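Just follow the structure's listing: the first ligand is 1, and inside any ligand the first atom is 1. Because the structure is a prediction, the values reported are computed rather than measured.
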Amino acid sequence: MCGIVGYIGAKQAAPILLDGLAKLEYRGYDSAGIAVLNEQAVGVTKTKGRLKALSDLLDGGKKAAGSVGIGHTRWATHGAPSDVNSHPHTNAAGTLAIVHNGSIENYMRIKVFLQEKGYQFVSETDTEVIAHLADYFYEGDLVDMVVKLTEKLEGSYALGILSSEHPDELIAVRKESPLIVGLGDGENYIASDIPAILQYTRKVYLLENGEIARLTKDGITVYDANKNVVPKEVFEVDWDVSAAEKGGYEHFMFKEIMEEPEAIHKTITPIIKEGLLKFGRVPDRVAIVACGSAYHVGVVGKYVIEKLAGIPVEVDIASEFRYRDPIITDNTLVVIISQSGETADTLAALREAKKRGGRILGIVNVVGSSIARESDEVLYTLAGPEIAVATTKAYATQLSAIYLLGLSLAKAEGRLSAADEKIYCDALERMPELIAGLLEQKDVLAQYAKQYYTAKNVFFIGRGLDYAVALEGSLKLKEISYIHSEAYGAGELKHGTISLIEEGTLVVALATQDLLFDKMVSNIKEVKARGAVVLSVAEEGNTEIEECSDVVLYIPKNNQLFTPSLTVVLLQLLAYYIAGEKGCDIDKPRNLAKSVTVE
Ligand code: G6P
């Protein structure tokens, strides 16, 4: 949600800001803006639309001279995307500029308070309220001003602030929304996320909640909320710049699908080599909490963990879990799954579970993220930076992590013999190669996409693990191609939804589970009888399904528990090519953002 970048140094700030924002555009892309300090004045340029519109206005940055600046790319929360609602926002005198990621919950009250003092507002945003409140509190020192701001503001925020009265300073503060500080040589940076500054420095400070950073070009001082200096450790980023670039592919999404074999290999190998996870005390219940695709991994997790370990598992959407008085005991293992490690509802759910005594295991991709830091233990997925808004490789690695967790719990429960452990781990280790084989079939999917991209409604049906992966296939399709789709347990369809099946409706039927195969065939026949066009996915050899399907895609045989990892690749490619046929903006679908740091 919204990307922030800031620069202070000797170079021209604007090109660096534009470049950083380009790397953060996945966080929000409905408007963008920068503020640059020039000759003791704050120059603000901002506009509705993609970053390209801003860059054109600034002639690639040439039209904004100055070597201190802040930039922002927005995902609208308060007020529609418009020039005036875009960030940065300033005080009335235009001496102070602020960029903000997050959501201020008491902004209406503060706005009324400021209006009574004579402040006037031009936008609908909560951020403009911060700018005027900052003006109200300012008495000569920016950090003192921020300390007062943080006492008053409720909700979440990462802020970048500059002032023409302090041309040698850039201020950053965060609470609940991510913000890092990058350490350069004679120059320093702030950013919502590491890729924004990775080409300039690998050394960063991860700001904790409530911390305030004062940056000059030669130094950084970090304070706590009471203005005590906080010693910070340098965090060295060990990924490659190229990992956050498109590398010749047309879309990040495609590149990231292609990276799945390697990402899975990296995630599983160290754990298989070092032995599975150990548990001091075997949990008597598991609660999995996440949002979006990560939640769909949790649904797979329920089947896998219950089957392998015999431990009851509940799966919850984080935004529901946190407000429903969940039952968590000190022997509940709470598994929090998140690519970004910053999703607001997921983080809040983690805290709620912790308060109730649960042991938290985070399955997280971004090292040093809030969820990683607040979990008792972390199982990192090593997918590398994922840029496309629609997750693919991170989902793939999260699945691998959940399989490893299932096996580990089974072993801890004494339900996994050494021989079985080897069989399962071998099957997992084969996965990258099997996925690579499926990826070679991409042109077949591209062909089917040409056939099906005009569909208005698509139904994904499956049973058991196939139902779990149907949820993800359906989400992928709708989020990037804007085709309405629904995922249904194949046996449940007849309880109402089958009324929507008519001549030509596309049904994607997943039938990879031997035990449920015959049941699936019956369900496929039910929709066929009502005119559906059926694209089935089955395991190699189960050719019987061809009789009742229009098209069959096959996945190679492997352990049946792990079929979601294979099936999903086909569904990701199908969604990708269908969105391509429709001319959609694949990496940046409308209305979405990758990292959802508001409730
Ligand atoms: C957003 C993304 C989804 C993602 C979800 C959870 O909605 O668009 O792709 O699954 O957030 O994100 P997380 O970073 O917590 O996995």
Side-chain angles (χ1 to χ4, degrees), residues 1-3 24-29 75 77 101 156 176-178 192-195 252-253 256-257 263 267 288-301 315-322 334-351 360-375 378-381 383-399 401-402 468-469 471-482 568 571-572 575-576 579 585-599:
M1 276 310 77
C2 301
L24 292 175
E25 230 190 336
Y26 68 87
R27 300 181 66 88
Y29 33 81
W75 187 85
T77 55
N101 168 27
S156 59
E176 310 303 346
S177 295
S192 302
D193 201 357
I194 291 168
F252 278 112
M253 184 178 174
E256 289 161 2
I257 294 173
T267 302
I288 306 181
V289 189
C291 297
S293 298
Y295 165 74
H296 295 160
V297 171
V299 181
V300 173
V315 197
D316 258 295
I317 297 166
S319 52
E320 292 297 319
F321 176 90
R322 61 184 291 199
V334 181
V335 181
I336 300 282
I337 310 177
S338 176
Q339 186 285 127
S340 62
E342 300 293 349
T343 302
D345 280 318
T346 313
L347 180 58
L350 178 158
R351 289 177 184 158
I360 314 290
L361 171 70
I363 296 182
V364 181
N365 196 43
V366 176
V367 177
S369 57
S370 302
I371 292 174
R373 283 185 277 166
E374 295 190 27
S375 295
V378 183
L379 201 174
Y380 277 111
T381 52
E386 191 180 61
I387 310 295
V389 167
T391 178
T392 53
K393 65 171 177 172
Y395 171 90
T397 54
Q398 287 165 349
L399 273 187
I402 213 81
V469 81
L471 292 168
E472 179 61 6
S474 170
L475 178 63
K476 267 323 72 145
L477 183 70
K478 68 187 134 202
E479 69 179 329
I480 62 168
S481 77
Y482 317 143
V568 79
L571 304 185
Q572 291 166 345
Y576 172 80
D585 191 344
I586 293 179
D587 285 338
K588 298 191 192 90
R590 70 184 179 206
N591 303 343
L592 301 184
K594 187 155 189 75
S595 183
V596 181
T597 51
V598 293
E599 267 193 53

Problem - Side-chain ion pair, Asp585 and Arg590, N-O less than 4.0 Å - result: no
Completion exercise
The side chain to side chain donor-acceptor pair (under 3.5 Å) partner of Thr391 among Glu386, Gln339, Glu256 is Glu386
Completion exercise
Rounded to the nearest 0.5 angstrom, the CG-CD1 distance for Asp587 and Ile387 is 9.0 Å
Practice task
Report yes if some N/O of Thr346 lies less than 3.5 Å from some N/O of ligand 1; otherwise report no.
Solution key: no
Problem - Distance-only polar pair, side chains of Asn101 and Ser192, donor-acceptor under 3.5 Å - result: no
Exercise for the section: Look only at interatomic distance and state if Ile337 has a nitrogen or oxygen under 3.5 Å from any nitrogen or oxygen of ligand 1. Expected result: no
Handout entry: contact_flag Val389 ligand 1 heavy-atom lt 4.0 Å
Key = yes
Handout entry: Ala593 near ligand 1 by a heavy-atom separation under 4.0 Å
Key = yes
Handout entry: Straight-line distance of Ile371 CD1 to Ile363 CD1, nearest 0.5 Å
Key = 11.5 Å
Fill in the blank from the handout: If you scan protein heavy atoms around atom 4 (C) of ligand 1, the nearest is Ser293 N, 4.2 Å
Exercise for the section: Return a yes/no value: protein heavy atom under 4.0 Å from atom 6 (C) of ligand 1? Expected result: yes
Fill in the blank from the handout: Rounded to the nearest 0.5 angstrom, the CD1-CD1 distance for Ile317 and Ile288 is 13.5 Å
Exercise for the section: Specify the protein heavy atom at minimum distance from atom 16 (O) of ligand 1: its residue, its atom name, and the distance to 0.1 Å. Expected result: Gln339 N, 2.7 Å
Practice task
Note the single closest protein heavy atom to atom 12 (O) of ligand 1, along with its residue, its atom name and the distance in Å.
Solution key: Thr343 OG1, 3.3 Å
Handout entry: Distance from atom 1 (C) of ligand 1 to nearest protein heavy atom, with residue and atom
Key = Lys594 O, 3.5 Å
Handout entry: Separation of Trp75 CH2 from Lys594 NZ (nearest 0.5 Å)
Key = 14.5 Å
Exercise for the section: Answer yes if the side chains of Thr381 and Gln398 hold a donor-acceptor pair under 3.5 Å, and no otherwise. Expected result: no
Completion exercise
Ser338 heavy atoms within 4.0 Å reach ligand 1 at atoms 13 (P), 14 (O), 15 (O), 16 (O)
Practice task
Check ligand 1 against Ser340 and write out every atom of the ligand that is under 4.0 Å from a heavy-atom position of the residue.
Solution key: 13 (P), 14 (O), 15 (O)
Exercise for the section: Would you check whether Glu479 has a nitrogen or oxygen atom less than 3.5 angstrom from a nitrogen or oxygen atom of ligand 1? Expected result: no
